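A short write-up of the structure that comes next.
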Amino acid sequence: MMEEEEEVIVTPPPRRVLLISAGASHSVALLSGNVVCSWGRGEDGQLGHGNTDDRLLPTQLSALDGQDIVSVICGADHTIARSESRLEVYSWGWGDFGRLGHGNSSDLFIPQPIRALQGLRIKQIACGDSHCLAVTMEGEVQSWGRNQNGQLGLGTTEDSLVPQKIQTFQGLPIKMVAAGAEHSVAITEDGELYGWGWGRYGNLGLGDRNDRWIPEKVSSADYDKMVMVACGWRHTISVSSSGGLYTYGWSKYGQLGHGDFEDSLVPHKLLALSDKSICQVSGGWRHSMALTCSGILYGWGWNKFGQIGVGDNIDRSSPVQVKFPHDQKVVQMSCGWRHTIAVTERENVYSWGRGTNGQLGHGETVDRNFPKIIEALSVEGSSGQHIESSNTDSLSGKTWASLSERYAVVPDETWQVTEDGLDLSVPEGDAKRLKV
């Protein structure tokens, strides 16, 4: 007779946060064990849970369970995920202008694969406000979505409801792309910088304020090869191979970090961080973040909601260090429009800034002006890791919404007046897009 075996209860290891991304008012995270979470504003379906509810805590996006997701990226009000093994790119959220790439302008409340990208080996995707860019392993670039200022780089100003290849880069392998509100940037494998789209603030780095409908090379007289680039709403941040940081474009709120509020029409080295080696950069609506290779995080620019994370709500025109409990080093960060998220080496996740839609993941709708731990995603979270599940049955419930249905909904935030009066520089017809 066999002895009865003693039951062994195995506690699964805590899920590690591999990637984070922040949008206008929502956030997503990719965790170990093939789990994607989203939280914050859900009005446009950008959380992917099958409805338009806000989520105040990180919630597992069950529609992507088992899809082997390796990357998640937030646009302003839409989200994209990429599966390497399946060669699939999924998108969901606000569909206006074709930014989801599905051939229409409908909103989508659960992730759906983009047919035009099926089978392509994608290495990186960038989302702006209403357009997206994808780089293939071969260094080709596909673009789709809104194009009123030529930000798709296709030589026209017609929106594209499906991904199209940017012909200008034929034979010129691209390493990385970034997307702002209405502009785009790319770095070639040789470290050359290109800009196109809306250029009114010098955010293309081409020395003037003109739009470009096709990518144009940024003059490289003053700096070495570029290896990394990020876009804020109307500004651009790039990093050279020696770790030097360059910013250009709009600086009304000090988001270029040069100690003043002057726009820069060409890449301008950030002298305040010239003795630091920069490993990651991110741009928000009007703020910027830079992470040094030693794990120190700096922020500057607009700070109305505490999105810089330095304990007050005063705008900064020069970089200020963000402090974390026990002097934890940061390994990754992402700027949303008015909030910021960071992951530390101790596998804790912190967020700060605007919290009105729950985008900070703290279970509340309070703004924070210094880093606060997201308990559910952190190894040292006092309540332990507990991630809500959306349990969306992708076969039931409504997944699409037509434009006419969506436009019947009045946004809960007025757009016309910013804190400094009317924002007249926004292209006409952007009422729903611009949220203060």
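Nothing fancy with the numbering, it's 1 onward along the sequence. On a predicted model such as this, the values are computed, not experimentally measured, just so you know. We use all heavy atoms of the structure for the numbers below, so side chains are in, but hydrogens, waters and symmetry mates are not.
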- ring-ring contact (aromatic ring centres under 6.0 Å, His included) contacts touching residues 119-155 (sequence neighbours left out): none
- Message: Test your reading of the model: is there a side-chain donor-acceptor pair from D129 to the backbone of W233, 3.5 Å cut-off?
- Response: no
- Message: Tell me every residue that passes ring-ring contact (aromatic ring centres under 6.0 Å, His included) with H268, counting only those two or more places apart in sequence or in another chain.
- Response: H258
- Message: Please give me the minimum heavy-atom distance between G358 and T365, naming the atom from each residue.
- Response: N-CG2, 4.2 Å
- Are P371 and V322 side-chain neighbours, meaning at least one heavy-atom pair lies under 4.5 Å? yes
- Note on the structure: For residues 149-184, the ring-ring contact (aromatic ring centres under 6.0 Å, His included) pairs (sequence neighbours left out) are F169-Y194, F169-W196
- Query: What pair of heavy atoms forms the shortest contact from C231 to V185, and how long is it?
  - Reply: SG-CG2, 3.6 Å
- Message: Looking at Q170 and Q167, would you say the former's side chain and the latter's main chain have a donor-acceptor pair under 3.5 Å?
- Response: no
- Message: Which heavy atom of L204 sits nearest to which heavy atom of G197, and what is that distance?
- Response: CD1-O, 3.6 Å
- Minimal non-hydrogen separation, S27 against H339, with atom names: OG-NE2, 2.9 Å
- Item | Side-chain heavy atoms of L377 within contact of I387, under 4.5 Å | yes
- Item | Name of the residue among W285, W300, F261, W302 meeting ring pair (Phe, Tyr, Trp, His ring centres under 6.0 Å) with Y253 | W302
- Item | Where at least one partner belongs to residues 355-364, residue pairs that pass salt bridge (Lys or Arg N to Asp or Glu O under 4.0 Å), sequence neighbours excluded | E364-R368
- Message: So does Q307 get a backbone contact from the side chain of W352, meaning a donor-acceptor N/O pair under 3.5 Å?
- Response: yes
- Message: Between L31 and C37, is there a side-chain heavy-atom distance shorter than 4.5 Å?
- Response: yes
- Query: Is there a side-chain contact between Q148 and E182 (heavy atoms, below 4.5 Å)?
  - Reply: yes
- Item | All salt bridge (Lys or Arg N to Asp or Glu O under 4.0 Å) counterparts of E262, not counting sequence neighbours | none
- Message: By the salt bridge (Lys or Arg N to Asp or Glu O under 4.0 Å) test, which pairs, at least two apart or in different chains, include something from residues 204-217?
- Response: E192-K217, D208-R212, R209-D263, R212-E216
- Using modelled atom types only, decide if a donor and an acceptor are shared between the side chain of S83 and the backbone of Q67 within a distance under 3.5 Å. yes
- Query: Judged by atom type as modelled, is there a donor-acceptor pair below 3.5 Å linking the side chain of E84 to the main-chain atoms of D68?
  - Reply: no
- For Y350, the ring-ring contact (aromatic ring centres under 6.0 Å, His included) test, sequence neighbours excluded, returns F324
- Task: Quickly, which of L100, I69, L108 forms a side-chain contact (heavy atoms from CB on, under 4.5 Å) with Y90? Name it, please.
- Result: I69
- Is the count of non-hydrogen atoms from other residues, nucleotides or ligands lying under 6.0 Å from D275 atom CG greater than 12? yes
- Any donor-acceptor pair under 3.5 Å from S38 side chain to L47 backbone: yes
- Message: Counting neighbours of NZ on K329 that are heavy atoms of other residues, nucleotides or ligands and sit closer than 6.0 Å, is the number greater than 12?
- Response: no
- State, yes or no, whether a side-chain contact exists between S184 and V177 at a heavy-atom distance under 4.5 Å. no
- Task: Under the side chain to side chain donor-acceptor pair (under 3.5 Å) rule, collect the residues that match up with K276, sequence neighbours excluded.
- Result: none
- Task: Give a yes or no on whether the backbone of S240 and the side-chain of D224 come within a donor-acceptor separation of less than 3.5 Å.
- Result: no
- Task: Kindly give the heavy-atom pair with the smallest separation between P111 and G48, and that separation in Å.
- Result: CD-O, 3.7 Å
- Item | Pairs meeting criterion salt bridge (Lys or Arg N to Asp or Glu O under 4.0 Å) with involvement of residues 148-174, two or more places apart | E140-K165
- Task: Would you list the pairs meeting salt bridge (Lys or Arg N to Asp or Glu O under 4.0 Å) in which at least one residue belongs to residues 307-319, sequence neighbours left out?
- Result: D312-R316
- Task: Would you mind listing every disulfide (SG to SG under 2.5 Å) that reaches into residues 264-321, with sequence neighbours excluded?
- Result: C279-C293
- Run the salt bridge (Lys or Arg N to Asp or Glu O under 4.0 Å) check on D367 and R354 step by step: do they pass? CA-CA 5 Å; D367 298 348; R354 184 76 149 150; 3.7 Å; yes
- Message: Taking side chain to side chain donor-acceptor pair (under 3.5 Å) as the definition, give me every residue that meets it alongside S241, ordered by chain and number, with sequence neighbours left out.
- Response: none
- Query: Parallel, tilted or perpendicular: which fits the ring planes of W250 and Y201, with parallel below 30° and perpendicular above 60°?
  - Reply: tilted
- Task: Have a look at H26 and tell me which of D77, D44, D54, T79 forms a side chain to side chain donor-acceptor pair (under 3.5 Å) with it.
- Result: T79
- Heavy-atom side-chain contact between L270 and Y298 under 4.5 Å: no
- Item | Side-chain (Q332) to main-chain (I20) donor-acceptor, under 3.5 angstrom | yes
